[in-house]
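Taking it in order: structure first as structure tokens, then the write-up.
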Amino acid sequence: MQWGQKIHLYIRVQKQQYRMGIYDDLTIQQFKDKIQVKLNVEPSQQLLVYQKHTLWHDHRTLRQYRIHDGAIISLRVYSQQKIKKLRQQYIFTKSIDKAYKGLEPEFSVTDVSESDLRSEVDPKDLYEQAFKEAIEWQNLDQWMSKKLKLHLYQIQQERSRTYKEKTGH
């Protein structure tokens with residue numbers, strides 16, 4: 001039994017548009033299943049975009065994404081590999097954003113090797129290199145445990161040097 005509000009959405013695939021009547025309390029996964037029935041596209045190959053935002057979280061509802069009656073959702077069809085890579089990039093970007101907000105991570109200097117500390121690396125270069133490695137490794141935990149900690153440690157060291165220079169301590 002559905003408790004949500006009945007809404008009509010438009011699914012845009014390339015230059016074609018399809019109308020669907022559904023309830024706004026459907027999860028994205030359930031919505032993908034309905035798209036599969038209507039358009040014969042596997043859910044694992046669907047990338048849904050609403051107002052320039054990719055709907056990555058399959059457990060969220062249409063209502064949580066603020067999708068309303070008459071909304072247009074773009075459907076992009078990719079291989080499962082491409083979807084996986086795009087999802088990893090999304091997760092990586094979110095991880096970076098989250099890490100940079102705090103800039104005070106809980107880690108020990110022992111997590112970083114001496115050779116890493118001696119390197120004079122421009123933070124921008126380190127960020128770009130780490131991004132490429134994370135995508136290649138397809139293991140963000142490995143990257144987070146070394147490169148991000150190193151980068152944040154270097155930022156903290158730079159701040160500490162600047163503070164010491166300004167205060168004379």
Side-chain angles (χ1 to χ4, degrees), residues 1-107 111 123-153 155:
M1 180 175 199
Q2 295 290 338
W3 296 100
Q5 181 180 351
K6 178 89 170 181
I7 59 175
H8 291 90
L9 301 179
Y10 296 93
I11 308 300
R12 183 175 289 157
V13 185
Q14 295 174 349
K15 295 183 180 185
Q16 295 182 347
Q17 197 162 287
Y18 302 90
R19 186 170 189 239
M20 288 182 72
I22 56 171
Y23 290 91
D24 67 354
D25 64 347
L26 285 180
T27 64
I28 296 302
Q29 184 59 52
Q30 292 168 329
F31 183 49
K32 286 180 177 181
D33 293 339
K34 298 234 182 239
I35 292 172
Q36 179 183 16
V37 170
K38 184 163 183 105
L39 303 178
N40 198 27
V41 177
E42 289 290 324
S44 61
Q45 295 180 311
Q46 297 176 23
L47 188 67
L48 301 175
V49 179
Y50 174 64
Q51 294 183 341
K52 298 183 182 178
H53 295 284
T54 305
L55 309 180
W56 286 115
H57 305 284
D58 288 342
H59 63 280
R60 288 190 182 168
T61 64
L62 297 171
R63 187 181 313 132
Q64 287 173 316
Y65 275 113
R66 295 190 170 103
I67 296 172
H68 55 83
D69 190 43
I72 299 172
I73 297 182
S74 295
L75 169 63
R76 298 182 183 150
V77 181
Y78 294 112
S79 69
Q80 289 178 356
Q81 270 186 313
K82 178 72 173 178
I83 296 277
K84 184 177 179 180
K85 187 173 182 177
L86 291 169
R87 184 180 295 271
Q88 286 172 335
Q89 289 173 344
Y90 168 79
I91 292 168
F92 174 82
T93 303
K94 285 296 181 188
S95 299
I96 290 293
D97 291 346
K98 193 174 186 179
Y100 273 85
K101 282 182 185 172
L103 279 183
E104 303 252 0
E106 294 180 16
F107 69 94
D111 290 341
K124 289 179 185 175
D125 293 339
L126 183 63
Y127 176 86
E128 289 172 11
Q129 176 189 355
F131 181 81
K132 289 176 186 170
E133 288 177 6
I135 298 305
E136 287 171 11
W137 292 348
Q138 297 181 352
N139 185 339
L140 298 179
D141 291 336
Q142 234 178 4
W143 180 85
M144 290 294 286
S145 68
K146 183 175 181 187
K147 294 296 181 182
L148 181 59
K149 290 176 182 179
L150 170 62
H151 186 135
L152 295 176
Y153 179 77
I155 290 171

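The shortest non-hydrogen separation linking A71 to Y50 is CB-CE1, 3.5 Å. In this structure, V13 and L75 approach most closely via the heavy-atom pair CG2-CD2, 3.6 Å. Contact record, I83 with S44: CG1-O, 3.7 Å, taken as the closest heavy-atom pair. Summarising the geometry of Q45 relative to S79, their closest heavy-atom pair is NE2-CA, 4.4 Å, with the distance given to 0.1 Å. For the pair D58 and T27, the tightest heavy-atom approach, listed with the atom from each and the gap, is O-CB, 3.4 Å. Nearest heavy-atom pair across Y18 and K38 is CB-CE, 4.0 Å.
Considering H8, Q5, K6 in turn, H8 is the only one that fulfils the side chain to side chain contact (heavy atoms under 4.5 Å, CB included) rule with D69. For the side-chain hydrogen bond (donor to acceptor under 3.5 Å, both in side chains) test with D24, the passing option among R63, H68, Q64 is R63; the others fail.
Note that NE2 of H53 is 11.0 Å distant from CD1 of I67, once rounded to the nearest 0.5 Å. Taking CG of L48 as the start and NZ of K32 as the end, the distance is 5.5 Å to the nearest 0.5 Å. One finds the OG1 atom of T61 at 9.0 Å from the CG atom of L26 (value rounded to the nearest 0.5 Å). The CD1 atom of I73 sits 11.0 Å away from the CD atom of Q17 when rounded to the nearest 0.5 Å. A distance of 8.5 Å separates CD1 in I11 from CD in Q46, rounded to the nearest 0.5 Å. Put simply, OG on S74 and CD on Q14 are 11.0 Å apart, with the number rounded to the nearest 0.5 Å.
Residues I7 and I22 form a side-chain contact, since some pair of their non-hydrogen atoms from C-beta on lies under 4.5 Å apart. Between H59 and Q29 the shortest side-chain heavy-atom distance does not fall below 4.5 Å. Side chains of P43 and I35 form no contact here, defined as non-hydrogen atoms less than 4.5 Å apart. Side chains of F31 and L9 form a contact here, defined as non-hydrogen atoms less than 4.5 Å apart. Residues L55 and V49 form no side-chain contact, since every pair of their non-hydrogen atoms from C-beta on lies 4.5 Å or further apart. A 4.5 Å side-chain heavy-atom check between L47 and W56 finds at least one atom pair inside the cut-off.
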Does the side chain to side chain contact (heavy atoms under 4.5 Å, CB included) test come out yes or no for L62 and I28, once each step is laid out? CA-CA 7 Å; L62 297 171; I28 296 302; 3.7 Å; yes
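Heavy atoms from other residues, nucleotides or ligands lying under 6.0 Å from CZ of R87 number more than 12.
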